[in-house]
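We use all heavy atoms of the structure for the numbers below, so side chains are in, but hydrogens, waters and symmetry mates are not.
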Amino acid sequence: MAVKIKLKRLGKIRSPHYRIVVADSRTRRDGRAIEEIGLYHPVQNPSRIEVNAERAQYWLSVGAQPTEPVLAILKLTGDWQAHKGLPAPAPLLQPEPKADKRALFEALSADGDEAKGEAITPKAKKSDKKADEAADAAAESTESTEA
């Protein structure tokens with residue numbers, strides 16, 4: 001019996017999460033598993049990866065073959081390198097938390113009382129626009145009568 005370490009898909013349509021399972025290679029993707037050895041949640045930011053290293057090492061030592069996605073996960077956690085006797089990978093870097101945009105905006109607006117980035121041209125009032133339109137209309141009517 002060939003044993004594989006593969007992903008078992010769970011979750012809704014657009015929010016998948018997986019369990020890393022050890023199963024017979026002939027079983028279907030979400031079928032019966034021999035043992036669950038980890039979790040993988042790719043939608044979370046940063047993605048959540050948990051692997052029981054002791055059980056993963058055991059199954060790799062008795063000949064279980066990981067699928068390509070599981071192999072990539074095992075390389076990230078360092079379990080594959082430990083099995084092969086290679087040097088451990090660099091630790092996973094957690095992304096810097098993003099600055100709160102609202103707090104940043106409030107801090108900048110509290111610094112200066114005067115308005116920054118004001119319009120260079122003054123606003124034209126509606127009465128000025130009407131006067132300009134009337135003057136243009138009068139000029140056009142005198143031009144058309146002269147021609």
Side-chain angles (χ1 to χ4, degrees), residues 1-140:
M1 172 170 89
V3 178
K4 288 232 177 223
I5 303 174
K6 55 186 177 179
L7 295 176
K8 179 178 183 179
R9 190 182 193 282
L10 302 167
K12 298 180 192 173
I13 291 176
R14 287 180 180 80
S15 62
H17 56 275
Y18 300 91
R19 291 194 181 143
I20 302 170
V21 298
V22 178
D24 182 7
S25 63
R26 296 170 290 188
T27 61
R28 49 184 197 264
R29 179 189 70 176
D30 301 335
R32 192 169 129 225
I34 299 170
E35 183 180 359
E36 294 180 2
I37 61 171
L39 301 172
Y40 174 52
H41 295 257
V43 179
Q44 291 181 357
N45 191 9
S47 59
R48 178 179 171 199
I49 299 173
E50 293 178 16
V51 177
N52 185 346
E54 181 181 313
R55 296 307 296 165
Q57 291 301 318
Y58 168 76
W59 284 107
L60 289 170
S61 68
V62 295
Q65 295 296 312
T67 59
E68 288 184 25
V70 173
L71 181 62
I73 291 171
L74 293 176
K75 284 182 179 179
L76 286 175
T77 60
D79 293 321
W80 182 255
Q81 288 87 340
H83 171 67
K84 291 293 186 180
L86 301 171
L92 296 176
L93 299 176
Q94 298 295 330
E96 294 291 325
K98 293 183 180 180
D100 184 21
K101 291 183 180 181
R102 173 175 230 120
L104 182 62
F105 175 75
E106 290 172 356
L108 289 175
S109 64
D111 286 345
D113 291 333
E114 68 222 28
K116 294 181 182 176
E118 290 183 16
I120 298 171
T121 57
K123 290 184 178 178
K125 295 182 181 177
K126 290 183 179 179
S127 60
D128 292 342
K129 287 183 182 178
K130 289 181 182 177
D132 290 340
E133 290 174 2
D136 291 339
E140 287 178 13

Inset, instruction - Using the test side chain to side chain donor-acceptor pair (under 3.5 Å), find all partners of E35 that sit at least two apart in sequence or belong to another chain. - result: R55, W59
Inset, instruction - State which residues pass side chain to side chain donor-acceptor pair (under 3.5 Å) with K4; sequence neighbours excluded, sorted by chain then number. - result: none
Legend entry - Sequence-distant partners of P69, side-chain contact (heavy atoms from CB on, under 4.5 Å), two or more places apart: L7, T67
Inset, instruction - Show the numbers, then the answer: is there a side chain to side chain contact (heavy atoms under 4.5 Å, CB included) between L74 and I20? - result: CA-CA 10 Å; L74 293 176; I20 302 170; 5.9 Å; no
Legend entry - Minimum heavy-atom distance between A33 and A23, given as atom pair plus value: CA-CB, 4.1 Å
Legend entry - Pairs meeting criterion ring-ring contact (aromatic ring centres under 6.0 Å, His included) with involvement of residues 62-87, two or more places apart: W80-H83
Legend entry - Pairs meeting criterion side-chain hydrogen bond (donor to acceptor under 3.5 Å, both in side chains) with involvement of residues 5-18, two or more places apart: K6-T27
Inset, instruction - Output all residues satisfying side-chain contact (heavy atoms from CB on, under 4.5 Å) with R28, sequence neighbours left out; order by chain, then residue number. - result: none
Legend entry - Test item: P66 and L60 side chains (from C-beta on) under 4.5 Å apart, heavy atoms: yes
Legend entry - Chi angles and distances behind the side chain to side chain contact (heavy atoms under 4.5 Å, CB included) call for Q65, I5: CA-CA 6 Å; Q65 295 296 312; I5 303 174; over 6 Å; no
Legend entry - Main-chain N/O of Q44 paired with S47 side-chain donor or acceptor, under 3.5 Å: no
Inset, instruction - Mind checking the CD-CG spacing from Q81 to L76? Nearest 0.5 Å is all I need. - result: 8.5 Å
Legend entry - Approximate separation, where rounding is to 0.5 Å, of I37 CD1 and R19 CZ: 13.5 Å
Inset, instruction - Answer whether the closest heavy-atom distance between the side chains of K75 and P89 falls below 4.5 Å. - result: no
